[in-house]
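What follows is a single structure, written as structure tokens, with notes after it.
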Amino acid sequence: MLEIQLPDGSIVQHPDNASPLSVAESIGSRLAKAVIAAKVGDQVIDATRPLHAFAGKGPIPLRLLTEKDPEALGVLRHSCAHVMARAIMRLFPNVSLAFGPTINNGFYYDFDVPKKLSEDDFAAIEAEMAKIVEKGEPFEQFSLNREQAIELCSDMKQALKVEHIQTGLASHDSLGFYRQGEFVDLCRGPHIPDASRIKAFKVMSVAGSYWKGDASGKQLQRVYGTAWFSQKDMQSYLDQVEEAKKRDHRVIGKKLGLFQISAEVGQGMCLWLPKGARIRSLLEDFLRKEMLKRGYEPVYSPHLGRVELYETSGHFPYYRDSQFPPLFVSDAGALVDAWIRRLEDPKGLQDVHETAFLQSAEVLGCELKGYDKASPAADRIAILQQWQRQHERYLVKPMNCPHHAQIFKAAPRSYKQLPLRLFEFGTVYRFEQTGELNGMLRVRGLTQDDAHIFCTQDQVEQEFRNTIELTRLVLESVGLKDYRVQLSLRDPKSDKYVGSEENWQKAEAALRRVLTESGLNFSAAEGEAAFYGPKADFMVRDCIGRQWQLGTVQLDYNLPERFQLEYVGADNKTHRPVMIHRAPFGSMERFVGMLTEHFAGAFPMWLAPEQIRICPLSEKSNDYAVELEKRFTDAGFRVTTDLRGAKVQAKIRDAQLELIPYMAVVGPREAETQSIALRDRISGELGTMPVTEVLELLGTEVRERRIRQVAENKLAAVTEEPQEVAENEY
RNA sequence: GCUGCUGUAGCUCAGUGGUAGAGCACUUCCUUGGUAAGGAAGAGGUCAUGGGUUCAAGUCCCAUCAGCAGCUCCA
């Protein structure tokens with residue numbers, strides 16, 4: 001007999017061949033029908049899995065999972081991935097299966113299949129899946145040893161699975177399979193008892209992927225799907241997907257005239273149109289003011305820096321591929337640079353190439369003394385590098401830190417001057433891969449709200465505390481209240497880190513202490529730190545539940561070392577400062593792009609590019625409207641007047657569509673009494689009130705940075721916790 | 001960068017080898033109104049760019065550029 005402990009603490013006896021399903025059966029047949037899977041301790045298992053495998057000391061802690069449990073949805077989706085794979089194998093010949101895990105809100109399955117799948121095939125796939133679901137065959141688990149497993153997969157012509165058993169699963173003696181009808185798949189599970197539990201599913205999209213993520217490897221086709229316990233849940237999800245699409249900052253940005261990316265300027269180069277630029281400058285002004293209050297000092301640095309600067313910082317040539325190529329002041333610069341790289345990797349290089357190089361160099365006026373006498377490649381490279389150092393090369397700056405480090409070095413520093421906090425809205429350029437560019441969220445030219453704090457090790461804790469406080473203020477000022485902090489610490493077993501053991505320990509303890517006392521929701525991730533220092537990233541959830549990584553605070557022990565930064569301590573000896581990089585917004589592009597989606601374009605009063613639209617009833621009231629516009633403008637509001645000869649309904653409609661927070665409707669009655677019929681974009685008519693009252697009302701809303709529009713969204717409820725790709729594959 | 005899809009008026013899009021289209025926006029005129037579209041007329045295009053096939057190309061083919069989706073990447 002097995003002793004099983006149920007969640008209520010009660011212990012029940014069951015025969016040795018008991019499974020979660022039979023346990024459920026003994027409680028009630030309705031429960032048995034509702035069981036999706038079960039949990040023994042922390043492990044989710046099939047409802048049909050015999051429980052004797054878990055017998056050991058004491059009773060088996062069993063929890064039956066029904067559709068009310070969040071874990072059950074993952075099990076359902078993974079099973080649905082099998083159903084989809086089965087349907088696709090029925091419809092198309094020569095399907096080789098790769099992996100089919102669950103993901104946030106659904107699942108995918110990767111296939112190697114000769115037929116090019118497209119949206120046109122989805123209906124057929126769904127119809128075939130529906131047949132499988134309707135038949136409701138059980139998912140049956142079985143295990144094989146390595147030889148049997150390889151033989152089975154070979155027999156089924158599943159070459160990828162064979163390869164995976166031989167490579168990825170080389171250490172496994174026993175391999176799990178699931179059978180459902182004619183469909184057999186190498187899989188760790190768990191699965192739902194039978195296919196009829198799938199109540200709602202949809203094939204969502206198809207895309208390319210690679211076998212084991214290797215871009216040089218075989219290209220596979222990935223079919224995405226989603227599955228739910230009810231049509232209603234699925235519909236809410238589909239609605240949310242729609243909502244996210246409607247909020248796309250690229251669509252809204254175009255419609256509202258916030259920004260533009262022009263192919264003629266270049267890909268990934270964002271042009272801030274007046275309205276987008278207004279939002280950005282409001283955010284910058286806000287942050288600048290807060291930083292000045294906190295002892296930061298503004299600095300400016302140029303957009304170029306000599307390549308040697310980045311060689312010192314270590315960013316060149318290490319990140320060369322993700323930087324814009326160097327600018328050479330000398331004609332021969334690019335040639336010499338290219339030739340050094342050929343010499344460093346001389347595969348296929350011939351003597352005639354060298355002759356050609358020397359001739360070209362001569363034509364371009366490049367004298368290389370002693371080059372032809374130098375024999376090992378290393379010597380020739382040294383001569384070329386010597387030449388390079390004598391001829392200017394610049395990089396468009398990929399980051400501001402080296403410049404700020406130079407500013408620190410501009411004068412001898414005493415401990416009395418620390419912390420030195422230098423800030424700059426610094427524009428940097430990164431040569432992102434074309435496929436990574438995405439509206440404002442991923443661009444090639446971006447402006448960081450960058451600052452570098454140079455301080456003593458003992459000041460790290462207080463500076464970190466202040467930075468966290470500033471970041472929180474920034475996020476909450478735009479209504480982002482749902483966030484957590486990921487603290488990235490070093491892997492204590494690794495030796496890849498720079499900086500002393502003692503400093504790391506002190507710093508990590510300090511960061512942890514600050515986060516703990518701040519009451520923030522934070523999680524520590526060991527091994528995630530950069531080699532140069534620990535960092536804290538703010539993970540922010542927007543109002544439809546999507547997660548964004550925004551602000552960051554990073555400690556740096558590396559650059560102070562590389563740039564030989566020093567200050568004189570109270571002991572009259574030189575010491576190395578710690579450098580803290582921090583950016584509450586991250587980048588202005590990304591932050592405004594994210595905010596656009598968060599607000600769906602309806603910016604709060606304090607950020608709205610246009611706050612009030614004055615709508616005169618007819619041209620007879622235009623004079624009063626213009627007079628009002630001046631009063632509002634003088635009071636610091638952003639306001640325009642709609643003087644078209646259109647009906648007021650049309651003016652209001654346009655203002656509503658432009659998401660302007662307030663409309664001031666004025667006709668002869670208002671002109672007579674110096675009043676305004678105020679209309680709120682969200683709640684409609686607010687009635688007629690004196691101009692002074694409107695000024696006061698709206699002024700307060702701006703001053704308090706009131707956010708009113710976000711709470712409206714009800715869709716947040718359907719979004720689940722984000723989850724990593726589920727581990728139901730080996 | 002890889003794979004696939006897309007590129008027609010300011011915007012959203014229709015146009016399957018035979019004279020370049022619609023709605024919205026824009027301009028002008030009429031209308032002078034009370035909280036989400038009053039009416040009429042007009043203007044606007046080297047159909048992304050460069051080649052090719054054809055009597056004939058927006059339409060078919062190739063290349064390039066750009067956008068989108070996914071993959072890979074993000075100091």
Side-chain angles (χ1 to χ4, degrees), chain A residues 103 108 110 116-119 204-224 245 248 250-251 254-257 260-269 310 313-316 318-323 397-402 428 430-439 441-444 446 448 530-533 535 549 552 554 556 558-559 581 586-587 590 613 615-622 644-658 662-670 676-681 683-688:
Chain A
I103 50 172
Y108 66 77
D110 283 349
K116 161 110 196 64
L117 299 171
S118 79
E119 248 173 72
M204 302 292 286
S205 60
V206 60
S209 69
Y210 296 99
W211 173 239
K212 297 192 174 178
D214 176 8
S216 60
K218 198 170 183 66
Q219 176 96 28
L220 306 174
Q221 298 192 69
R222 174 170 297 179
V223 182
Y224 287 86
K245 269 190 207 150
D248 189 318
R250 290 167 300 188
V251 177
K254 189 180 258 182
K255 203 162 72 188
L256 299 184
Q260 186 175 32
I261 291 178
S262 137
E264 304 209 23
V265 175
Q267 44 179 352
M269 308 288 185
Y310 302 101
S313 73
H315 295 111
F316 190 89
Y318 189 69
Y319 288 109
R320 180 161 184 155
D321 287 344
S322 44
Q323 289 168 359
K397 69 175 171 187
M399 60 212 340
N400 303 302
C401 335
V428 299
R430 295 175 183 184
F431 196 70
E432 303 286 359
Q433 298 179 45
T434 51
E436 304 315 323
L437 300 171
N438 177 323
L441 299 180
R442 194 85 181 264
V443 288
R444 284 184 167 172
L446 55 131
Q448 298 175 316
F531 75 92
Y532 52 77
K535 60 177 182 171
Q549 193 202 308
T552 180
Q554 304 185 4
D556 189 344
N558 181 45
L559 285 184
H581 312 251
S587 87
R590 189 173 149 78
R613 171 72 53 88
C615 303
L617 201 58
S618 76
E619 286 166 9
K620 289 176 194 154
S621 308
N622 279 2
R644 292 176 302 172
K647 285 171 78 165
V648 74
Q649 285 88 336
K651 295 179 185 182
I652 286 169
R653 181 183 138 89
D654 288 347
Q656 287 280 150
L657 290 176
E658 288 176 57
Y662 288 98
M663 284 141 272
V665 177
V666 292
R669 293 205 295 265
E670 286 74 19
I676 286 170
L678 194 61
R679 180 188 166 97
D680 174 359
R681 185 188 66 81
S683 42
E685 287 182 67
L686 297 180
T688 303

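Quick note on labels: first sequence line is chain A, next is B, and so on, each numbered from 1.
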- Message: Return the pairing partner of B:U64 with a 3.5 Å limit on both distances, Watson-Crick or G-U wobble; otherwise return none.
- Response: B:A48
- Note on the structure: Pairing partner of B:A22, by Watson-Crick or G-U wobble and under 3.5 Å for both distances, is B:U12
- Using the P atoms only, state how far B:A36 lies from B:U49, rounded to an integer number of Å. 43 Å
- Record whether the side chain of A:Arg590 comes under 3.5 Å of the base of B:C74 through a donor-acceptor pair of N or O atoms. no
- Out of B:A36, B:C71, B:A75, which has the shortest distance to the side chain of A:Gln656? B:A36
- Does B:A56 pair with anything, Watson-Crick or G-U wobble, both distances under 3.5 Å, and if so, with which nucleotide? none
- In whole angstrom, give me the gap between the C1' atoms of B:G51 and B:G44. 30 Å
- Item | Nucleotide opposite B:C2 in a Watson-Crick or G-U pair, distances under 3.5 Å | B:G70
- What distance, rounded to whole Å, do you find between the two C1' atoms, one in B:G21 and one in B:G45? 11 Å
- Would you mind pulling out the nucleotide paired to B:A40, Watson-Crick or G-U wobble, both distances under 3.5 Å? B:U28
- Item | Test item: A:Arg430 side-chain N/O and A:Pro398 main-chain N/O as donor-acceptor pair under 3.5 Å | yes
- Heavy atoms, side chains only, cut-off 4.5 Å: are A:Lys651 and A:Met663 in contact? no
- Message: When you measure only distances, ignoring hydrogens and angles, does the side chain of A:Gln221 come within 3.5 Å of the base of B:U3 through a donor and an acceptor?
- Response: no
- Message: By nearest heavy atom, map A:Gly268 and A:Leu617 onto RNA chain B; which one lands nearer the 5' end?
- Response: A:Leu617
- Task: Establish whether the base of B:G34 is bridged to the side chain of A:Glu685 by a donor-acceptor pair shorter than 3.5 Å.
- Result: no
